[in-house]
Amino acid sequence: MHSAVLLIEFGSILLGLGLLGRFAGRFRLSPIPLYLLAGLAFGEGGLLPLGASEEFVSIGAEIGVILLLLMLGLEYTAGDLVTNLKAHYPSGLVDCALNALPGALAALLLGWGPVAAVVLAGVTWISSSGVIAKVLGDLGRVGNRETPVILSVLVLEDLAMAVYLPIVTALVAGAGLLAGSVTLAVALGAAGLVLFVAVRYGRVISRFVSNDDPEKLLLVVLGLTILVAGVAQQLQVSAAVGAFLVGIALSGEVAEGAHTLLSPLRDLFAAVFFVFFGLHTDPASIPPVLLPALALAVVTAVTKIATGYWAARRAGISVKGRWRAGGALVARGEFSIVIAGLAVSAGIEPSLGPLATAYVLILVVLGPLTARYTEPLARWFAERREPRASTSPEAAKAGAPVGD
């Protein structure tokens, strides 16, 4: 009887997610906010709480995080990461300073303490690679001159995750200074070792994993990723970091083949992950934090636009391209929820989960709008100012007073 209820519940979840995804696609929106709302509707304090399938959904959510980071790692080779790090690290530092600090300050002003401040800093810092990539494709900007700058900022954020996640994992687990330092040292050592091995022996690893049979390739890559993620978690390093490093280590045809095979699985389990996060957020807890979430969203939307503008300016992009780059970086999504989920699971601050949910809901909807309209709005404001600037010298020559 229990298994029948589990199948009914889980089947209903998947069917509902599929319909929500189709609805979002019709309006060219990210389905992430709809998935979060679905979790809120059927979780604690929702319309129809689920019971039998919750544990199964929990396991699926863990796999979703692992696959998200694996697929992210498959997008880059170790050489690309090293090149981007050398060329664009100032943009990464500006990105961190402008977007992590508002989150940390907000947590401290709300009286949540230093651990919650570190977590909320990550929530506001990391942009959504998935949402941004989709928006760039929908707007036909993949070939634009500013797009490599946008991707470089995202790559640097992904690299920073490999260092940031172990720190957060140690902090939320209540590890002391010594234990936290050991965890960070292990994470940095593992990341450095994997990058070194990937650069030197990436082809050997790819040949070992490679197989012409899609079924065998899928099983080997997925099994290796989950195994490494489990070992990483056992060493008190985030499982997500382990999955990310596996993705980096694979390259060439293996990475392309794995990406094609794993994309549907990633989409499935990532959707389950967003639902799971919503399931553990009481809808009644969102209204009290809605105003802080909205204020934080407005502030960090502005700081992301400033980040993209500065990075594009540094790369010699035109003014229009600078505004487009800034507007494209606004969306937050999957990784903000992953970071908040670590704190929620550890019971760090009860209001952090609801605030992160509201924050992501706001910016994942606002992000595509800023990507589309930031540059036209900036141009409109500039055109309104130009007539005043052009008439002022003439008025001065004619002896007319300028201004009040």
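Please read these numbers as outputs of a predicted model, since none were measured by experiment.
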Considering all heavy atoms of both residues, which atom of [X] and which atom of [Y] are nearest to each other, and what is their separation?
{"X": "Pro102", "Y": "Leu296", "answer": "O-CD1, 3.7 Å"}
{"X": "Ala117", "Y": "Ala107", "answer": "CA-CB, 3.5 Å"}
{"X": "Pro288", "Y": "Ala284", "answer": "CD-O, 3.6 Å"}
{"X": "Ala358", "Y": "Ile286", "answer": "CB-CG2, 4.1 Å"}
{"X": "Leu154", "Y": "Ser127", "answer": "CD2-CB, 3.8 Å"}
{"X": "Ser351", "Y": "Trp112", "answer": "CB-CZ2, 3.5 Å"}

Does some side-chain heavy atom of [Y] sit less than 4.5 Å from a side-chain heavy atom of [X]?
{"X": "Pro31", "Y": "Leu20", "value": "no"}
{"X": "Leu218", "Y": "Leu265", "value": "yes"}
{"X": "Thr300", "Y": "Leu363", "value": "yes"}
{"X": "Leu70", "Y": "Arg266", "value": "no"}
{"X": "Ile317", "Y": "Tyr309", "value": "no"}
{"X": "Leu250", "Y": "Val209", "value": "yes"}
{"X": "Asn144", "Y": "Ile150", "value": "no"}
{"X": "Val272", "Y": "Leu14", "value": "yes"}

### Query
Do other residues, nucleotides or ligands put more than 12 heavy atoms under 6.0 Å from the CG atom of Asp213?
yes
### Message
Evaluate Ile8 against Ser12 for side chain to side chain contact (heavy atoms under 4.5 Å, CB included), listing each step before the verdict.
### Response
CA-CA 6 Å; Ile8 291 171; Ser12 300; 4.3 Å; yes
Say you draw a straight line from [atom1] of [X] to [atom2] of [Y]; how long is it, rounded to the nearest 0.5 Å?
{"X": "Ile126", "Y": "Glu157", "atom1": "CD1", "atom2": "CD", "value": "4.5 Å"}
{"X": "Leu217", "Y": "Leu222", "atom1": "CG", "atom2": "CG", "value": "10.5 Å"}
{"X": "Leu67", "Y": "Thr225", "atom1": "CG", "atom2": "OG1", "value": "7.5 Å"}
{"X": "Glu146", "Y": "Leu329", "atom1": "CD", "atom2": "CG", "value": "10.5 Å"}
{"X": "Arg313", "Y": "Ser91", "atom1": "CZ", "atom2": "OG", "value": "12.5 Å"}
{"X": "Leu156", "Y": "Leu93", "atom1": "CG", "atom2": "CG", "value": "8.5 Å"}

So, the side chain of [X] versus the backbone of [Y]: is there a donor-acceptor pair under 3.5 Å, distance only?
{"X": "Thr370", "Y": "Gly327", "value": "yes"}
{"X": "Lys304", "Y": "Trp125", "value": "yes"}
{"X": "Thr374", "Y": "Ala371", "value": "no"}
{"X": "Thr147", "Y": "Arg141", "value": "yes"}
{"X": "Tyr359", "Y": "Pro292", "value": "no"}

### Task
Carefully, step by step, assess Trp323 and Leu377 under the rule side chain to side chain contact (heavy atoms under 4.5 Å, CB included).
CA-CA 9 Å; Trp323 287 116; Leu377 282 174; over 6 Å; no
### Task
For side chain to side chain contact (heavy atoms under 4.5 Å, CB included), just list the numbers for Leu98 and Val94, CA-CA rounded to whole Å, side-chain angles, deciding distance to a tenth of an Å, and then say yes or no.
CA-CA 6 Å; Leu98 289 182; Val94 169; 3.7 Å; yes
### Query
Given the rule in the side chain to side chain contact (heavy atoms under 4.5 Å, CB included) test, do Leu355 and Val123 qualify, once you have shown the distances and angles that lead to the verdict?
CA-CA 10 Å; Leu355 186 141; Val123 170; over 6 Å; no
### Passing option when Arg332 is tested against Ile337, Asn99, Val364 for side chain to side chain contact (heavy atoms under 4.5 Å, CB included)
Asn99
